[in-house]
**Q** 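One structure follows; several queries about it will come next.
The model shown is predicted, which means the values in this text are computed figures rather than measured ones.
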Protein chains: 2
Amino acid sequence: MNTLEKITTNLDSFSKSERKVAEVIIASPQTAIHSSIAALAKLADVSEPTVNRFCRRLDTKGFPDFKLHLAQSLANGTPYVNRNVDEDDGPEAYTNKIFETAMASLESAKNSLDTAAVNRAVDLLTQANKISFFGLGASASVAQDAMNKFFRFNLPVSYFDDVVMMRMSCIVATEEDVIVLISHTGRTKSMIDIAHLAKQNDSTVIGITAKDSPLAKECNLVLSMEVPEDTDVFMPMASRIAQMTLIDVLATGFTLRRGLKFRENLKRVKQSLIESRVDR
Amino acid sequence: MNTLEKITTNLDSFSKSERKVAEVIIASPQTAIHSSIAALAKLADVSEPTVNRFCRRLDTKGFPDFKLHLAQSLANGTPYVNRNVDEDDGPEAYTNKIFETAMASLESAKNSLDTAAVNRAVDLLTQANKISFFGLGASASVAQDAMNKFFRFNLPVSYFDDVVMMRMSCIVATEEDVIVLISHTGRTKSMIDIAHLAKQNDSTVIGITAKDSPLAKECNLVLSMEVPEDTDVFMPMASRIAQMTLIDVLATGFTLRRGLKFRENLKRVKQSLIESRVDR
DNA sequence: CAATTTTTTGAAAAAATACTACATTTTTGT
DNA sequence: ACAAAAATGTAGTATTTTTTCAAAAAATTG
């Protein structure tokens, strides 16, 4: 918990003098972090050791350490927490909240991602003869994005957002093929069927999906991320951003693995796009 | 500017010894804020006054004050600094860098977004009879994502990633239609043509694109965001994430504008998806 | 309600830490 | 190669924080 919150919450557990210190700090945290222990003690009308004891009570090493913690809690202009959109938020408010929620999701996705699994996924992808990305509904755009990225690697890539096409694609798949299934919940029936079908042909199935979900169980390799729940009435937003970033990670791992010469090729692809643009 | 960024940026302006200090701090800012000036000096293999001078050069009052500033810059999640992927980064390193870059992009996109323009965009969208999202190449997935979101609003929505279809769609467009064009650079010739075509039918054209770009000039309303350059050889990553988040913002603004009853409908759409899932 | 124990508090000394002045070294320009 | 300027370090000084310990206040008990 944020240090300033902690002070407010535990206000009751302090002694009389310590509470004076707490109140002075709450009144003006900015003053507090720029004062010496002596100045703060004077402000609160207590002795210096009291201030020091107050700091220790908040699980800090001492006064300087306490100032550090307090400074950090002030720095988080808006803590990424509990930023759900309200009924009566204006454009400014909901814009900020949504961007901040997205950032918080990425943070938590990053921390929960297993980099060893990422590495194995890159292994599998670099060895693939052909790569397919499948996603339905909201995950379709992620699959499309993935195709767009891997397409530049001059590799057979395909993407489908249609169950029939996925099926057909799986039937002709070989053991040299890698199929990447994208599903936030991991509980979409048709996706589970697809995974099953793909494995019957010994294709490699990588799932970007929820841990321990039915779909995850069907995959050869699972990449899962903890993304704070989309608690609102609206629609899944956070998860797609995290998935897209994961695709970026895979694509980057892929190019790094392929080495320098390979990246020269990429430059050429990028160059070729310039011709479709107007001059500056 | 964030203190840690400042150190990275001004690395060249430091003297030899001061750079040693800077490097030690960049290598482990957490260690830095928990060390005394003596400990840090030893780590950097310089004298204490050098560390002190280094702090002053960064416009702080001295070492303790510097630690405060550094602590604050660390508090904002992760040091979003110069996190370009290196040739010899391992999976752990490049995963973190990419996620952090994405977060930094969102932060900067958020700060550069004009919320008044967002509000006007929401106005236009709520009044539209029909909404189309167009995007080519990398922006296609964003357009698809947008369609997926707005589709739930029980509205005529379409999305195309194909110039011919876009053209056809524009020709039959009316003045009650809103067309959202997504292009990172704003310099893709065919998109500019499309915008022109749409305006001939008095359709409303909203551009999610670069400020002052040729495409921006053709639009009735432009939503632009400053996203740190994709400096690497690879592909555009940051911009798409920002665009997607912007779509989330628009969708949210849309639902808020439509009021409570409308959101009840959304719940039903969400509910209907559950039937396609396996039980927990 | 007084006696005893426990807790809280602050003065002062001790320790740790940061800063200043100045000397020395290194770099830069001629 | 020399002088001037800049950078760096040594050593002493000042500041700040922490510890110690004794007094005061509050709580507990007979």
Side-chain angles (χ1 to χ4, degrees), chain A residues 3 6-7 9-74, chain B residues 3-4 6-74:
Chain A
T3 306
K6 214 168 179 176
I7 298 174
T9 317
N10 300 35
L11 209 64
D12 303 324
S13 74
F14 296 129
S15 72
K16 202 161 40 172
S17 296
E18 281 173 0
R19 184 160 332 158
K20 282 198 219 168
V21 179
E23 275 159 11
V24 168
I25 291 169
I26 292 167
S28 174
Q30 282 297 339
T31 310
I33 60 170
H34 291 115
S35 307
S36 70
I37 195 167
L40 197 65
K42 203 166 187 180
L43 265 175
D45 196 31
V46 298
S47 71
E48 297 174 28
T50 302
V51 177
N52 196 282
R53 280 187 289 260
F54 169 83
C55 297
R56 289 207 214 282
R57 207 171 293 281
L58 283 131
D59 304 316
T60 63
K61 258 197 86 187
F63 184 66
D65 189 41
F66 167 79
K67 284 208 285 190
L68 243 50
H69 283 216
L70 186 60
Q72 295 202 325
S73 77
L74 293 177
Chain B
T3 305
L4 199 51
K6 215 167 178 177
I7 298 174
T8 324
T9 316
N10 299 32
L11 209 64
D12 303 323
S13 76
F14 295 131
S15 69
K16 202 162 40 174
S17 294
E18 280 173 1
R19 183 159 336 160
K20 281 198 219 167
V21 179
E23 276 159 9
V24 168
I25 291 169
I26 293 168
S28 175
Q30 283 299 339
T31 309
I33 60 171
H34 291 114
S35 305
S36 69
I37 193 168
L40 196 65
K42 203 165 187 182
L43 264 176
D45 195 30
V46 298
S47 70
E48 297 176 29
T50 301
V51 176
N52 196 283
R53 281 187 288 259
F54 169 84
C55 297
R56 289 212 215 283
R57 205 172 295 280
L58 283 131
D59 304 316
T60 62
K61 258 196 85 187
F63 185 67
D65 188 41
F66 167 79
K67 285 208 284 192
L68 240 52
H69 283 248
L70 185 59
Q72 295 204 324
S73 75
L74 291 177

**Q** Please check the phosphate of C:dG10 (OP1 and OP2 only) for any side-chain N or O of A:T50 closer than 4.0 Å.
**A**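 Yes, because at least one side-chain N or O of A:T50 sits under 4.0 Å from OP1 or OP2 of C:dG10.
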**Q** Do you know the tightest heavy-atom contact between A:A32 and A:K67?
**A**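 Closest heavy-atom pair between A:A32 and A:K67: O-CD, 3.8 Å.
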**Q** Walk along nucleotides 13-28 of chain C from 5' to 3' and tag each nucleotide B, S or - by protein heavy-atom contact under 4.0 Å, base first, then sugar-phosphate.
**A** ----SSBB------S-
**Q** Would you kindly give the CZ-to-C1' distance between B:R19 and D:dA7, to the nearest whole Å?
**A**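 Distance check: B:R19 CZ to D:dA7 C1' gives 13 Å.
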**Q** Mind telling me whether B:F66 and B:F54 have parallel, tilted or perpendicular rings, with 30° and 60° as the class edges?
**A**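 Answer is perpendicular, since the angle exceeds 60°.
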**Q** Reckon B:V51 touches a base, only the sugar-phosphate, or nothing at all at heavy-atom distances under 4.0 Å?
**A**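 Nothing: the residue B:V51, judged by heavy atoms under 4.0 Å, touches no strand.
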**Q** Quick one: are B:N10 and B:R57 in side-chain contact, heavy atoms under 4.5 Å?
**A**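 With C-beta onward as the side chain, the pair stays apart.
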**Q** Between atom NZ in A:K20 and atom C1' in C:dT8, what is the gap in whole Å?
**A**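 Roughly 12 Å, once rounded to whole Å.
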**Q** Return the value, rounded to whole Å, for the distance between atom CG of A:L40 and atom C1' of D:dT16.
**A**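 After rounding, the gap between these two atoms is 13 Å.
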**Q** Taking OP1 and OP2 of C:dT9, is either one under 4.0 Å from a side-chain nitrogen or oxygen of A:S17?
**A**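 Result: yes.
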**Q** Roughly how far apart are B:I25 CD1 and B:Q30 CD, rounded to 0.5 Å?
**A**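 Output value for this atom pair is 12.5 Å.
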**Q** Using every non-hydrogen atom in the two residues, find where A:I33 and A:A71 come nearest and quote the distance to one decimal.
**A**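 In this case the closest contact between A:I33 and A:A71 is CG2-N, 4.0 Å.
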**Q** Looking at every non-hydrogen atom in both residues, tell me the closest pair between B:L43 and B:T31 and how far apart they are.
**A**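 Heavy atoms of B:L43 and B:T31 come nearest at CD1-CG2, 4.1 Å.
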